[in-house]
Amino acid sequence: FILINKNLSVDRLYGKTPHYNEQKENFYLIKIEKYKDFFLNKKNYQKKFSVLKKDYYILDHHITLLEILRIYFFCYKVFLFCTFKFLFKKKVFNIKNNDCFNILFPLFLFSFSSSIQRSLITSTALANFFKNKKKTSVFVNYLEFNPGSVSVNYFIRKYNQKTKIISLQHAYASKNMLFYSNNSKDFTKQNYLEGRKFCPSPDYYFIFSENLKNLLSKYYKKKFFSIGSLRSDLNKRIVKNNSLLLPKKKPNILIAPSIGDENLIFDYLKEVKNSEKYNFIISPHPTNYENSLIKFKKLKKYNFKFYTFKHISTQNLLIKSDLIICSLSSIAIDAEILSKDSIRLVSGQLPYYFQLNEPIKIIKDYKSFLNYLKNFKKNKKKKSVNKLIKFYYFKLDNKSYKRFWNNLKKI
């Protein structure tokens with residue numbers, strides 16, 4: 001049994017289900033994403049791994065330097081071939097009779113700069129790993145239909161056809177995110193046809209949102225189960241924290257950037273001329289925390305003041321906040337469920353990755369943002385929390401881990 005995502009709650013999967021906890025053959029497979037950080041903080045990572053109380057393997061150990069060089073050489077040859085081939089076939093980039101060549105062709109070429117290589121390196125390492133782990137019966141992951149990870153399903157089946165692949169819904173899902181907006185004709189129930197005629201897909205999908213359920217029913221040909229979110233049982237994961245040292249009698253405003261929306265949020269915040277009237281707290285996405293802070297520290301030249309609390313989760317900061325400002329982040333939804341005011345900042349120059357019919361206020365320009373900031377306490381309206389929970393999380397009852405194990409037994 002393999003879990004490859006470090007965000008998966010250990011106690012939910014192992015601590016409360018003795019029957020599965022006693023199976024010593026269960027183990028973790030860990031992919032290192034930030035090599036520099038890993039080597040600089042190796043001892044801290046080892047301590048975290050020891051908490052798992054299970055065997056674990058580092059996926060990056062299962063690929064050789066020669067294989068990596070071959071992948072880069074192969075990608076370089078394909079890059080040259082595609083560059084010259086599609087340079088003279090501009091009609092390939094027409095969408096509904098609109099010439100999109102100048103937009104799509106550079107993006108197509110840019111995809112060869114790292115994403116394709118990274119996907120093939122991960123897939124090759126997994127293929128090598130499964131050649132030696134023939135008895136692995138279940139592979140649990142958070143990969144979903146991420147384009148860089150689709151090949152993982154193909155390579156696992158190539159070397160271990162008996163392994164059942166289970167994908168867990170990781171976070172917010174929307175038809176405006178392209179890897180959730182798929183075509184039914186690209187999928188099949190038959191695993192042996194995948195990789196050539198059809199897109200490789202997991203054998204089972206464990207989901208939590210009604211939104212994703214509606215999307216999957218249109219194209220996914222295999223079985224999915226609604227279990228709730230293993231990482232988002234709000235009344236369990238959020239605890240009281242008294243370590244926030246903030247000036248009193250000021251509204252606490254939480255800024256929660258996701259990955260890729262930092263510049264958009266930055267442009268809005270630099271328009272705030274009276275930041276001293278509020279306690280602004282910036283809590284970037286944990287996987288991009290340091291890089292995001294480098295960006296937001298530039299707000300100082302605009303006299304924008306803010307606080308950071310690196311060792312306190314965004315969810316716990318949420319409890320202490322009066323207003324939550326996001327763009328892509330699902331923290332905006334958590335805030336509404338906890339009866340906290342939240343808004344999404346957007347730009348007409350960037351796509352909307354969430355659905356516009358969400359019960360969350362959308363701010364489209366600087367003037368509206370500054371006006372809302374000035375009057376947000378007057379704007380708050382009560383919303384049906386139960387409907388929000390059902391649509392986004394299925395249930396928040398601290399029993400997601402039980403539904404996980406119960407459905408796993410059925411497979």
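Residue numbers count from 1 along this sequence. What you see is a predicted model; the values in this text were computed from it and never measured.
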* Checking Ser321 side chain against Ile324 main chain: does a donor-acceptor pair fall under 3.5 Å? -> no

* To do: May I ask you to check whether over 12 heavy atoms, not counting those of Tyr353, lie within 6.0 Å of atom OH?
  => no

* To do: Can you measure from CG (Leu328) to CG (Asn176) and round to the nearest 0.5 angstrom?
  => 11.5 Å

* Is the backbone of Ile333 close enough, under 3.5 Å, to the side chain of Ser330 for a donor and an acceptor to pair up by distance? -> no

* When you measure from the side chain of Asp60 to the backbone N and O of Ile32, does any donor-acceptor pair fall under 3.5 Å? -> yes

* Asked: Among side-chain atoms of Ser258 and Asp261, is any donor-acceptor pair under 3.5 angstrom?
  -> no

* More than 12 foreign heavy atoms under 6.0 Å from NZ of Lys213: is that the case here? -> no

* To do: Can you measure from SG (Cys100) to CD1 (Ile95) and round to the nearest 0.5 angstrom?
  => 4.0 Å

* **Closest heavy-atom pair and its distance - Ser275, Val272** => N-CG1, 3.9 Å

* **Nearest atoms (heavy-atom pairs only) where Ser123 meets Val152** => OG-N, 3.8 Å

* Asked: Between Phe79 and Phe112, is the ring centre distance below 6.0 Å?
  -> yes

* Asked: Going from NZ on Lys185 to CZ on Phe198, what distance comes out if it is rounded to the nearest 0.5 angstrom?
  -> 11.0 Å

* Ignoring hydrogens and angles, state whether a donor on the side chain of Glu67 or Thr124 is under 3.5 Å from an acceptor on the partner side chain. => no

* To do: Return the minimal non-hydrogen interatomic distance between Met177 and Tyr172, and the atom names on each side.
  => CE-CD2, 3.6 Å

* Verify the distance criterion only: is there a donor paired with an acceptor across the side chains of Tyr366 and Asp267 at less than 3.5 Å? => no

* Asked: On the ring face of Phe266, is Lys295 found with NZ or CZ under 6.0 Å from the centre and within 45° of the axis?
  -> yes

* To do: Could you check whether the rings of Tyr307 and Phe309 sit parallel, tilted or perpendicular, using 30° and 60° as the cut-offs?
  => parallel

* Taking all non-hydrogen atoms of both residues, which atom of Lys31 and which atom of Leu59 are closest, and how far apart? -> CD-CD2, 3.7 Å

* What are the two closest non-hydrogen atoms of Val150 and Cys199, and how far apart are they? -> CG1-SG, 3.7 Å

* Tyr393 side chain to Asp334 side chain, donor-acceptor N/O pair below 3.5 angstrom -> yes

* Aromatic ring centroids of Tyr278 and Phe280 under 6.0 Å? -> yes

* Asked: Do Asn182 side-chain atoms and Phe179 backbone N/O form a donor-acceptor pair below 3.5 Å?
  -> yes

* **Lys270 side chain to Leu299 backbone, donor-acceptor under 3.5 Å** => no

* Relative to Phe354, does Arg344 satisfy both conditions: NZ or CZ under 6.0 angstrom from the six-membered ring centre, and within 45 degrees of the ring's axis? -> yes

* To do: For Asn183 and Tyr219, work out which heavy atoms get closest and say how close.
  => C-CB, 3.9 Å

* **Flag for Asn291-Glu262: side-chain donor and acceptor within less than 3.5 Å** => no

* Asked: When Asp203 is tested against each of Lys164, Arg157, Lys221 for salt bridge (charged side-chain N to carboxylate O under 4.0 Å, His left out), which residue passes?
  -> Arg157

* Might you confirm whether atom CZ of Phe74 has over 12 heavy atoms from other residues, nucleotides or ligands at distances under 6.0 Å? => no

* How about Tyr220 and Phe187: are their ring centroids closer than 6.0 Å? -> no

* Asked: Is the Tyr56 ring parallel, tilted or perpendicular to the Phe49 ring (thresholds 30°, 60°)?
  -> tilted

* To do: Carefully, step by step, assess Asn371 and Asn375 under the rule side-chain hydrogen bond (donor to acceptor under 3.5 Å, both in side chains).
  => CA-CA 6 Å; Asn371 185 58; Asn375 303 293; 3.2 Å; yes

* To do: Keeping the roles fixed (side chain from Glu271, backbone from Tyr268), state whether a donor-acceptor pair exists under 3.5 Å.
  => no

* To do: For Gln169 and Leu212, indicate whether the former's side chain and the latter's backbone hold a donor-acceptor pair under 3.5 Å.
  => no

* Phe86 and ring pair (Phe, Tyr, Trp, His ring centres under 6.0 Å): which partner among Phe105, Phe101, Phe108? -> Phe108

* Give a yes or no on whether Lys390 atom NZ has more than 12 heavy-atom contacts from other residues, nucleotides or ligands under 6.0 Å away. => no

* Are the side chain of Ser327 and the backbone N or O of Val346 linked by a donor-acceptor pair below 3.5 Å? -> no

* Asked: Has Phe81 got more than 12 heavy atoms of other residues, nucleotides or ligands less than 6.0 Å from its CZ?
  -> no

* Asked: Does the cation-pi check pass for Lys223 over Tyr204, that is, NZ or CZ under 6.0 Å from the six-membered ring centre and within 45° of its axis?
  -> no

* Judged by modelled atom types alone, do Asn191 and Lys222 share a side-chain donor-acceptor pair under 3.5 Å? -> yes

* Residues Glu194 and Lys158 bridged, charged N to O under 4.0 Å -> no

* Asked: When you look at CG of Leu178, are more than 12 heavy atoms from neighbouring residues, nucleotides or ligands closer to it than 6.0 Å?
  -> no

* Asked: Distance-only, no hydrogens or angles: does the Thr314 side chain make a donor-acceptor pair with backbone N or O of Ile331 under 3.5 Å?
  -> no

* Verdict with supporting geometry, Leu254 and Ile325, side chain to side chain contact (heavy atoms under 4.5 Å, CB included) -> CA-CA 6 Å; Leu254 177 63; Ile325 298 175; over 6 Å; no

* Before accepting this row, confirm whether a basic side-chain N of the pair Asp397/Arg403 lies closer than 4.0 Å to the acidic partner's carboxylate O. => yes

* Asked: Hey, is Asp322 close enough to Lys340 for a salt bridge, meaning N to O under 4.0 Å?
  -> no

* Could you tell me whether Tyr76 atom OH has more than 12 heavy atoms of other residues or ligands within 6.0 Å of it? => no

* **Flag, side chain of Asp341 to backbone of Leu323, donor-acceptor distance under 3.5 Å** => no

* Asked: Side chains of Tyr180 and Glu144: do they bring a donor and an acceptor to under 3.5 Å?
  -> yes

* Verify the ring-centre separation between Tyr57 and Phe27: is it less than 6.0 angstrom? => yes

* Structure fact -> Of Phe224, Phe225, Tyr401, Phe394, the one forming a ring pair (Phe, Tyr, Trp, His ring centres under 6.0 Å) with Phe206 is Phe225

* Start with the C-alpha gap between Ser368 and Asp365, add the side-chain angles, then the distance that decides, and say whether side-chain hydrogen bond (donor to acceptor under 3.5 Å, both in side chains) holds. => CA-CA 6 Å; Ser368 299; Asp365 59 82; 3.0 Å; yes

